[in-house]
There are 2 protein chains.
Amino acid sequence: MQIASRFTIAVHIVACIDYFQKSTSVTSAFLAGSVGVNRVVIRTLMTKLKEAGIIAISRGKTGVRLGRRSEEISLYDVYKAVESVDESGLFNWHSSPNPLCPVGKNVRRALGETLVKAQLSMEKELKSATIADLTAELHKVAD
Amino acid sequence: MQIASRFTIAVHIVACIDYFQKSTSVTSAFLAGSVGVNRVVIRTLMTKLKEAGIIAISRGKTGVRLGRRSEEISLYDVYKAVESVDESGLFNWHSSPNPLCPVGKNVRRALGETLVKAQLSMEKELKSATIADLTAELHKVAD
DNA sequence: TGTCTTGTAATAATGATTATTACACGTTAT
DNA sequence: ATAACGTGTAATAATCATTATTACAAGACA
């Protein structure tokens with residue numbers, strides 16, 4: 001299983017806003033065109049990104065803008081905004097281990113910490129990369 | 001999205017074998033009882049674990065055994081055996097970004113390396129933990 | 001040979017993700 | 001104020017991966 005594409009879509013959205021907001025009015029239709037998905041998918045993600053303070057939305061012709069400087073938006077911020085990270089964790093547990101078996105009763109506790117560490121390690125990498133980095137790279141490639 | 005529970009199930013299986021193989025004949029029915037899933041699910045995973053050399057299976061009453069010492073089986077070995085890790089990576093990409101948009105055309109390339117690094121960082125943690133560690137912890141808790 | 005167990009195909013059930021339509025409502029410009 | 005444009009969101013369907021389950025063939029061992 002994988003981390004849903006809505007994460008890369010969300011990153012794409014934010015990067016697009018950073019890339020284009022000075023030159024164009026960025027709308028959900030515009031973003032849908034760049035990402036290649038339905039407008040409603042874009043809007044749903046936009047709402048989540050707005051709730052996280054990553055972007056600012058206003059209705060009408062204004063277009064979407066970043067909620068703060070792209071240097072201050074990490075990939076983890078985006079990840080957290082659109083994925084349900086906290087609730088269940090990256091690793092999915094089988095739901096009914098046998099409490100009468102010493103292994104079944106304790107695996108989760110005995111293994112849990114290690115898996116949390118693995119998850120945090122991945123998230124740390126996402127925290128160290130910003131949208132500004134990505135946009136810079138995009139500008140570089142486009143030259 | 002999460003990493004499928006078949007990973008924790010597989011770890012549970014291997015830990016069970018390590019924990020019980022000296023005292024009992026460990027079978028798919030036994031394991032299904034401890035894990036709390038259908039026998040066929042266990043068998044399917046057993047087959048994959050066997051292909052990875054993690055366990056050794058024989059039909060009849062013998063029961064399942066480890067393919068090598070539990071100190072030499074990392075969580076990553078198990079992870080790799082039952083998840084399709086290499087093919088597509090941990091992060092799922094949206095499939096049709098617009099090649100006519102400078103962002104759509106290049107996000108994947110510009111972001112790819114960072115995501116791979118995040119994935120590898122997680123896997124590194126899984127590599128540093130062994131089934132032996134887990135079984136030791138299980139014995140400790142059971143005392 | 002009989003009993004136990006694995007191997008595996010076939011199928012269904014479940015659940016999450018993603019796509020799409022439809023329409024109410026906010027915002028801006030004229 | 002009203003038309004034009006854009007977001008917010010409910011409702012529904014399509015798709016896909018995961019997980020469950022039945023059924024039976026075939027290997028291993030006493």
Side-chain angles (χ1 to χ4, degrees), chain A residues 1-10 12-13 17 20-21 24-33 35-51 54-65 67 79 82-85 87-97, chain B residues 1-10 12-13 17 21 24-33 35-51 55-65 67 79 82-85 87-97:
Chain A
M1 224 173 188
Q2 303 174 299
I3 286 155
S5 67
R6 96 190 93 150
F7 169 55
T8 56
I9 293 174
H12 189 146
I13 288 172
I17 298 170
F20 289 113
Q21 71 179 343
T24 321
S25 170
V26 180
T27 68
S28 64
F30 177 89
L31 291 167
V35 178
V37 298
N38 193 281
R39 284 193 305 280
V40 177
V41 172
I42 298 286
R43 283 187 208 140
T44 307
L45 292 175
M46 282 195 334
T47 302
K48 292 187 176 181
L49 291 168
K50 182 183 74 180
E51 284 165 1
I54 295 171
I55 65 175
I57 308 179
S58 65
R59 292 186 173 176
K61 298 190 178 177
T62 316
V64 189
R65 281 156 294 112
Y79 176 69
V82 302
E83 293 284 335
S84 42
V85 175
E87 294 142 39
S88 43
L90 178 62
F91 296 92
N92 205 351
W93 283 95
H94 46 299
S95 51
S96 44
Chain B
M1 226 175 187
Q2 302 175 299
I3 286 155
S5 67
R6 93 188 91 140
F7 169 56
T8 58
I9 293 175
H12 189 146
I13 288 173
I17 298 170
Q21 71 178 344
T24 321
S25 170
V26 180
T27 66
S28 64
F30 177 90
L31 291 167
V35 178
V37 299
N38 193 280
R39 285 193 303 281
V40 178
V41 173
I42 298 287
R43 284 187 208 140
T44 307
L45 292 175
M46 282 195 332
T47 302
K48 291 187 178 179
L49 291 169
K50 183 184 73 179
E51 285 165 1
I55 66 175
I57 308 177
S58 67
R59 292 183 174 177
K61 296 190 178 177
T62 317
V64 190
R65 282 156 292 114
Y79 176 70
V82 302
E83 294 283 338
S84 43
V85 176
E87 294 142 38
S88 43
L90 178 63
F91 296 92
N92 205 351
W93 283 93
H94 46 298
S95 52
S96 44

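Reminder, nothing fancy here: chain letters follow the sequence lines and each chain counts from 1. Atoms considered below: every heavy atom in the structure, side chains included; atoms not considered: hydrogens, waters and symmetry mates.
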Inset, instruction - Using the six-membered ring wherever Trp is involved, compare the ring planes of A/F7 and B/F91 and label them parallel, tilted or perpendicular (cut-offs 30° and 60°). - result: tilted

Inset, instruction - Quickly work out the B/N92 CG to C/dT17 P distance and round it to whole Å. - result: 11 Å

Inset, instruction - Only counting residues at least two apart or in another chain, list the ones meeting side-chain contact (heavy atoms from CB on, under 4.5 Å) with A/V41. - result: A/V37, A/N38, A/L45

Legend entry - A/R65 CZ - D/dT7 P separation (whole Å): 12 Å

Inset, instruction - Determine: side-chain N/O of B/T47 to OP1/OP2 of C/dG7, distance under 4.0 Å, yes or no. - result: yes

Legend entry - For atom CG of A/L45 and atom P of C/dA16, their distance in whole Å: 17 Å

Inset, instruction - Taking only the side-chain nitrogens and oxygens of B/T44, find out if one of them lies under 4.0 Å from OP1 or OP2 of C/dT8. - result: no

Legend entry - Whole-Å gap separating C1' (D/dA26) and CD1 (B/I57): 15 Å

Legend entry - Nearest-Å distance for atom pair CD/C1', residues A/E51 and D/dG8: 11 Å

Inset, instruction - Would you please say whether a donor-acceptor pair under 3.5 Å links the side chains of B/T8 and A/H94? - result: yes

Legend entry - Nearest-Å distance for atom pair CD1/P, residues B/I42 and C/dT8: 16 Å

Legend entry - Rounded distance (Å) that lies between atom P of C/dT18 and atom CD1 of A/I9: 6 Å

Legend entry - Any B/K50 side-chain N or O less than 4.0 Å from OP1/OP2 of C/dG7: yes

Inset, instruction - Return the set of residues passing side chain to side chain donor-acceptor pair (under 3.5 Å) with B/T62 (not counting sequence neighbours), or none when no residue passes. - result: B/S58

Inset, instruction - Round to the nearest Å and state the distance from A/N38 atom CG to D/dA11 atom P. - result: 18 Å

Inset, instruction - Give a yes/no answer on whether the side chain of A/R39 brings an N or O atom under 4.0 Å of OP1 or OP2 in C/dT20. - result: no

Legend entry - Gap separating the CD1 atom of A/I57 from the OG1 atom of A/T27, nearest 0.5 angstrom: 11.5 Å

Legend entry - Annotated protein contacts, base or backbone, on nucleotides 22-30 of chain C with a non-hydrogen cut-off under 4.0 Å, one of B, S, - each: B--BBBS--

Inset, instruction - List in chain and number order the residues that pass side chain to side chain donor-acceptor pair (under 3.5 Å) with A/S28, two or more places apart in sequence or in another chain; answer none if no residue qualifies. - result: A/R43

Inset, instruction - Measure from the side chain of B/R6, starting at C-beta and using heavy atoms only, and say which of D/dT7, D/dA20, D/dT19 lies closest. - result: D/dT19

